[in-house]
Amino acid sequence: MQIIGDKRTMRETVMEHRRAGKTVGFVPTMGYFHQGHLSLMRAARRENDVVVVSIFVNPLQFGPREDLADYPRDLERDCRLAEAEGVDYIFNPVVDEIYPQPFLARVRVEGITEGLCGAFRPGHFEGVATVVAKLFHIIPAQRAYFGQKDAQQARVILKMVEDLDFDVEVRVCPTVREPDGLAMSSRNVYLDHEQRKRACLLYRALEKGRLLAEGGERDAAAVEEAMHEVLREEPGIEVEYLGAYDGLTLRPLRELRGEVLLAVAARLGKARLIDNIPLLLED
Ligand code: AMP
């Protein structure tokens, strides 16, 4: 496994493999790997000749009061884990390599970025779309792998690729969970012992919604009320949003039909956690 920090070297390396007829799979990450990240690497390993993983904590997607400075990092451990998954290249640029100053361009996907996390993290998805667009140029892979865990992010990337004609196939992989249901996240390290015990309630709330919806409940308000009940009066869980959304437009639903996303964001102390369950409801 080779670690590359320079974008020209990275691009030339991928291009060489492509010219030799190889398929390249790309997994963008912010590092501090857990089984969710590793599952994306495994999918990329299965489906491609060459696997590239980027590790870049992207300042552009953090708000001024967010956790950029505290975001957990452990490059050595990440490299060990990636190597064990058969990753061929780690792209680990410094911030100036990605954002030489002045950096004035932005990629904005409208319509699906205003709700859900977008309402609580202004500018976040613009930061995500901008860095992923750059990474897609630096690492011109045939396939790129994202997690369902960040459902809105996956929608934004899919739409950006469609609307801006990026020549890459976006694969969205299932959410990997802890045994108690908590979605794995680098930010779970922010949880203290008590918060960690309660954090699985986010998934429990979503599961309750799923059971109701799959049992035939079509009234979004009823499903949302049932999900809220799980988290209500839980000390230290501050819900930002919790509801049923159209799986494609991400707009709030009144009636559950077709592709539905049950989604939640909540603060537990310093940690802001998100989770979701996608449903396909037949009539
Ligand atoms: P991050 O390093 O948190 O930016 O995540 C990098 C990629 O891993 C994104 O595509 C995430 O959606 C994905 N990811 C994060 N957590 C999980 C998880 N628990 N299961 C599956 N994918 C995940």
Side-chain angles (χ1 to χ4, degrees), residues 25-47 51-63 66-68 70-75 77-79 81-82 85 87 90-93 95 98 112 116-117 121 124-136 139 141 143-161 168-191 196 199-200 202-203 206-207 250 261 263-265 271-278:
F26 170 41
V27 183
T29 82
M30 299 206 298
Y32 209 69
F33 293 155
H34 49 67
Q35 287 296 324
H37 296 114
L38 302 187
S39 74
L40 303 184
M41 295 176 209
R42 266 168 227 154
R45 183 69 284 165
R46 270 199 307 277
E47 297 173 359
V51 176
V52 183
V53 173
S54 66
I55 300 178
F56 180 63
V57 181
N58 173 34
L60 217 57
Q61 71 188 67
F62 287 77
E66 293 185 354
D67 58 341
L68 173 62
D70 301 335
Y71 197 82
R73 302 164 200 241
D74 190 341
L75 185 61
R77 175 175 173 272
D78 285 352
C79 288
L81 291 170
E85 296 300 337
V87 168
I90 295 275
F91 180 53
N92 179 227
V95 171
I98 298 298
I112 54 174
L116 297 170
C117 288
R121 305 187 70 187
H124 170 67
F125 289 111
E126 195 172 288
V128 169
T130 302
V131 80
V132 173
K134 284 179 66 80
L135 290 169
F136 281 173
I139 299 160
R143 300 190 188 89
Y145 296 80
F146 292 84
Q148 173 64 30
K149 156 79 172 22
D150 298 276
Q152 190 172 18
Q153 168 173 284
R155 292 298 320 151
V156 169
I157 300 305
L158 281 160
K159 200 68 187 110
M160 178 188 83
V161 163
V168 61
E169 181 191 344
V170 173
R171 315 275 270 172
V172 182
C173 302
T175 301
V176 178
R177 301 179 178 284
E178 300 285 356
D180 68 351
L182 174 64
M184 292 200 181
S185 164
S186 306
R187 289 189 167 100
N188 290 349
V189 294
Y190 297 149
L191 300 169
R196 173 63 190 85
C200 65
L202 302 190
Y203 179 62
L206 297 172
E207 271 288 291
L250 303 183
L261 189 73
V264 62
R272 180 181 183 278
L273 303 183
I274 60 172
D275 198 357
N276 70 86
I277 296 182

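Each ligand, and each atom within it, is numbered from 1 in the order the structure gives.
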Which atoms of ligand 1 have any heavy atom of [X] under 4.0 Å away?
X      : result
Gln153 : 9 (C), 10 (O)
Met184 : 16 (N), 17 (C), 18 (C), 19 (N)
Phe146 : 10 (O)

Leu38 vs Leu81 side-chain heavy atoms within contact, under 4.5 Å: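 When only atoms from C-beta onward are counted, Leu81 and Leu38 do touch, with a gap below 4.5 Å.
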Heavy-atom side-chain proximity of Cys117 to Arg272 below 4.5 angstrom: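 Yes. Closest side-chain heavy atoms under 4.5 Å.
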At the 4.0 Å heavy-atom cut-off, does [X] count as touching ligand 1?
X      : answer
Pro174 : yes
Gln35  : no
Arg177 : no

Please find the pair of heavy atoms, one from [X] and one from [Y], that lie closest to each other, and give the distance.
X      : Y      : answer
Gln61  : Arg121 : O-NH2, 3.5 Å
Leu116 : Leu250 : CD1-CB, 4.0 Å
Ile274 : Lys149 : O-CE, 3.3 Å
Arg143 : Glu47  : NH1-O, 2.7 Å
Ala141 : Val168 : O-CG2, 3.6 Å

Asp74 side-chain N/O to Arg77 backbone N/O, donor-acceptor pair under 3.5 Å: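 Yes.
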CA sep, side-chain torsions, deciding dist, call: Ile55, Phe33, side chain to side chain contact (heavy atoms under 4.5 Å, CB included): CA-CA 10 Å; Ile55 300 178; Phe33 293 155; 3.6 Å; yes
On a heavy-atom basis, I'd like to know which of [options] is closest to [atom].
atom                    : options                    : result
atom 14 (N) of ligand 1 : Val57, Asp150, Thr29       : Asp150
atom 10 (O) of ligand 1 : Ser186, Gly147, Ser185     : Gly147
atom 3 (O) of ligand 1  : Phe56, Tyr32, Tyr71, Phe33 : Tyr71
atom 18 (C) of ligand 1 : Ala43, Ala154, Gly36       : Gly36

For ligand 1, the portion of His34 having any non-hydrogen atom under 4.0 Å away: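 Answer for His34: side chain.
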For ligand 1, the portion of Pro28 having any non-hydrogen atom under 4.0 Å away: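 Answer for Pro28: backbone.
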Minimum-distance protein heavy atom relative to atom 23 (C) of ligand 1: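 Closest protein heavy atom to atom 23 (C) of ligand 1: Lys149 CB, 4.0 Å.
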Protein heavy-atom partner closest to atom 20 (N) of ligand 1 - residue, atom, separation in Å: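 For atom 20 (N) of ligand 1, the nearest protein heavy atom is Val176 N, 2.8 Å.
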Nitrogen or oxygen atoms of [X] and ligand 1 under 3.5 Å apart:
X     : value
Met30 : yes
Leu40 : no
His37 : yes

Tyr190 and Asp70 side chains, donor-acceptor separation under 3.5 Å: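 Looking only at side-chain atoms, Tyr190 and Asp70 do not form any donor-acceptor pair under 3.5 Å.
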Carboxylate-amine/guanidinium proximity below 4.0 Å for Asp275 and Arg177: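 Here Asp275 pairs with Arg177 in a salt bridge, since their nearest N and O are under 4.0 Å apart.
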